[in-house]
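Written out below as structure tokens is the structure these notes cover.
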Amino acid sequence: MTVEEWRVIPEDRRVLRELAARVAEIAHSEGNAERRRRWLSHNSLRGGGPMVLAEIGGLLQSGEWSNEHELVCQEGWARHVESGLRWTLVHQDQVKDDKPVEAVLNCPWRVSVSDYGVAPVRTSGSRDGQMGSCTWEPPLKNLRSDLEKLRPRTYSVDREASLAWRDHVADLFDGLLQARLRGGFWWTVGLTWAAIDLVGLDHLMMYLCDDPEGVHRLLGFLRDDQMAYARWLEAEGLLTLNNENDYIGSGSLGYTCELPGAGAAKETPPRLKDLWVLSESQETVGISPRMFGEFIFPHQKPLIESFGLSYYGCCEPVHGRWPYLSTLSNLRKVSVSPWCDEAKMAEAVGSRVIYCRKPNPALISTERFDEDAIRQDLRYTLEVARGCHVELVMKDVHTLSHEPWRLGRWVELAREACAEAE
């Protein structure tokens with residue numbers, strides 16, 4: 001896309017600036033400043049009570065919650081920006097959780113990354129492009145003979161287009177929102193997702209027993225490739241901070257005064273050690289903690305510890321893996337998923353690591369919205385995690401039985417439970 005294609009219709013400009021003004025007003029409010037202060041205290045392990053978050057992303061993916069009917073801008077790029085601003089306002093007006101708002105519009109670097117010389121062939125189900133099922137044909141059929149097909153990825157950045165878009169947005173929202181280069185280049189450095197794409201989940205499980213050396217070679221290749229990519233981004237000055245209202249893990253935010261780290265020079269691009277990073281290995285939930293410690297974690301650990309602060313886990317139950325995770329020098333948050341033993345994790349992490357609890361989304365998704373069951377679930381978490389730094393995060397919600405008010409009601413119930421537990 002070139003600058004000439006970003007046609008600005010006066011009515012589009014008016015709509016976008018009106019929405020931006022509402023966002024900026026929230027961002028500069030005292031209530032929003034208080035949310036920021038609480039996150040800074042929480043993420044620094046200084047306390048302040050549980051933080052409550054509720055995600056709407058899964059509902060957007062499933063198509064159950066949409067604002068398409070509300071969009072009035074005519075140009076495609078303007079409708080995309082309008083949608084994002086409207087969702088920010090919906091989150092504040094209806095969900096009302098502890099997510100702050102910043103008076104910014106983030107513009108990512110436009111980076112392209114190749115495959116590994118081979119790529120899986122994917123076939124989606126009838127809901128192609130909107131969640132649903134899919135199958136894939138792994139390109140590596142035999143781990144011993146096919147590893148030689150792998151090639152390190154190559155990368156490039158379109159600086160001209162990246163800066164042009166930022167300047168376009170900066171002009172559009174001048175005096176209201178700051179346009180800045182900011183964004184991540186991966187969701188996780190967990191490695192196992194990529195490994196399973198290449199060899200298949202069932203085959204990887206078998207290779208752990210039949211070809212353990214091959215598994216180490218595969219994960220070692222992916223580890224070195226991920227590190228090479230991260231170091232390229234660092235050397236090219238493309239890394240951006242994620243220490244504010246940034247999604248830094250499985251449902252959490254990155255507000256912290258501890259990043260950038262010591263030695264960071266002002267007005268220079270961030271380094272890896274100035275950033276948060278997420279790692280997880282949900283796909284290997286079927287292996288024992290010992291096998292995780294033997295095959296997976298040794299390849300993840302050097303990647304994780306190259307960054308400033310880390311968050312570990314997503315949907316996998318991590319209580320059996322804690323002896324390994326606890327050795328991470330920069331671990332700050334750990335996921336306590338619906339399949340995790342809450343009591344074991346609370347005892348293990350204490351006040352040293354943030355206890356990021358994800359209640360089962362079925363509590364608010366099924367046909368009957370049972371407030372008593374929700375209260376019981378919240379009270380149990382807050383009781384067993386007493387003395388921990390707790391986050392309550394309702395995520396991976398893909399349906400609310402077409403009753404969007406439920407998400408905000410869960411936030412209210414969470415706050416009530418937190419008040420009771422004080």
Side-chain angles (χ1 to χ4, degrees), residues 35 38-55 57-58 95 97-100 187-190 242-256 258-259 275-282 285 300 304 307-322 324-326 328 330-361 363-364 377-397 410-411 414-415 417-418 421:
R35 283 194 291 270
R38 289 185 61 215
W39 274 107
L40 289 170
S41 177
H42 172 75
N43 284 344
S44 296
L45 305 178
R46 297 197 304 269
M51 304 302 293
V52 179
L53 291 172
E55 291 189 1
V95 180
D97 62 0
D98 288 328
K99 184 177 183 180
W187 178 67
T188 176
V189 295
N242 55 1
N243 61 350
E244 292 180 4
N245 190 16
D246 301 281
Y247 194 85
I248 52 88
S250 178
S252 195
L253 300 178
Y255 284 97
T256 180
E258 297 174 56
L259 300 175
L275 308 180
W276 287 90
V277 72
L278 166 71
S279 190
E280 43 69 56
S281 188
Q282 302 170 89
V285 65
Q300 293 180 332
I304 296 169
F307 290 78
L309 292 171
S310 67
Y311 180 124
Y312 197 96
C314 191
C315 287
E316 73 272 41
V318 297
H319 53 270
R321 299 176 174 186
W322 180 249
Y324 305 102
L325 305 182
S326 64
L328 288 167
N330 60 353
L331 182 65
R332 180 58 54 89
K333 301 194 181 195
V334 65
S335 173
V336 184
S337 76
W339 299 274
C340 196
D341 187 316
E342 293 188 68
K344 282 186 178 180
M345 283 307 299
E347 182 180 4
V349 305
S351 60
R352 302 184 304 277
V353 175
I354 292 172
Y355 183 99
C356 193
R357 170 62 178 166
K358 285 71 167 287
N360 193 329
L363 287 164
I364 65 172
D377 176 74
L378 290 164
R379 288 166 178 162
Y380 177 76
T381 293
L382 294 169
E383 177 60 32
V384 299
R386 189 176 295 276
C388 299
H389 300 284
V390 176
E391 289 178 22
L392 297 170
V393 185
M394 180 55 73
K395 70 183 302 292
D396 298 321
V397 182
W410 178 84
V411 171
R415 290 214 172 103
C418 291

Minimum side-chain heavy-atom gap [X]-[Y] below 4.5 Å:
X: Trp39; Y: Ser252; result: yes
X: Lys358; Y: Ser250; result: yes
X: Pro100; Y: Leu253; result: yes
X: Val318; Y: Val334; result: yes
X: Ser279; Y: Phe307; result: no
X: Leu275; Y: Leu259; result: no
X: Pro50; Y: Leu382; result: yes
X: Ser326; Y: Leu331; result: no

If only atom types and distance count, is the side chain of [X] paired as donor or acceptor with the main-chain N or O of [Y] below 3.5 Å?
X: Ser44; Y: Leu40; answer: yes
X: Asp97; Y: Val411; answer: no
X: Arg321; Y: Pro317; answer: no
X: Ser337; Y: Trp339; answer: yes
X: Asn242; Y: Ile248; answer: no
X: Gln300; Y: Val189; answer: no
X: His319; Y: Lys344; answer: no
X: Ser310; Y: Val277; answer: no

Under a 3.5 Å cutoff, is there a donor and acceptor pairing between the side chains of [X] and [Y]?
X: Asn243; Y: Thr256; value: no
X: Glu55; Y: Tyr247; value: yes
X: Ser281; Y: Glu316; value: no

By salt bridge (charged side-chain N to carboxylate O under 4.0 Å, His left out), which residues pair with Asp246, not counting sequence neighbours? Arg182

Which of these, His389, Glu258, Lys333, sits in a side chain to side chain donor-acceptor pair (under 3.5 Å) with Asn43? Lys333

Qualifying residues under side-chain hydrogen bond (donor to acceptor under 3.5 Å, both in side chains), relative to His42, sequence neighbours excluded: Glu391

Among Glu383, Arg357, Glu347, find the residue that satisfies the side chain to side chain contact (heavy atoms under 4.5 Å, CB included) test when tested with Glu342.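 Of Glu383, Arg357, Glu347, side chain to side chain contact (heavy atoms under 4.5 Å, CB included) with Glu342 is met by Arg357 alone.
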
Might you point out which heavy atoms bring [X] and [Y] nearest each other, and give the distance in Å?
X: Tyr311; Y: Ser335; answer: OH-CB, 3.8 Å
X: Cys314; Y: Lys395; answer: SG-NZ, 4.3 Å
X: Cys356; Y: Val393; answer: SG-CG2, 3.7 Å

Test salt bridge (charged side-chain N to carboxylate O under 4.0 Å, His left out) on Arg38 and Asp98 and set out the steps. CA-CA 9 Å; Arg38 289 185 61 215; Asp98 288 328; 3.3 Å; yes

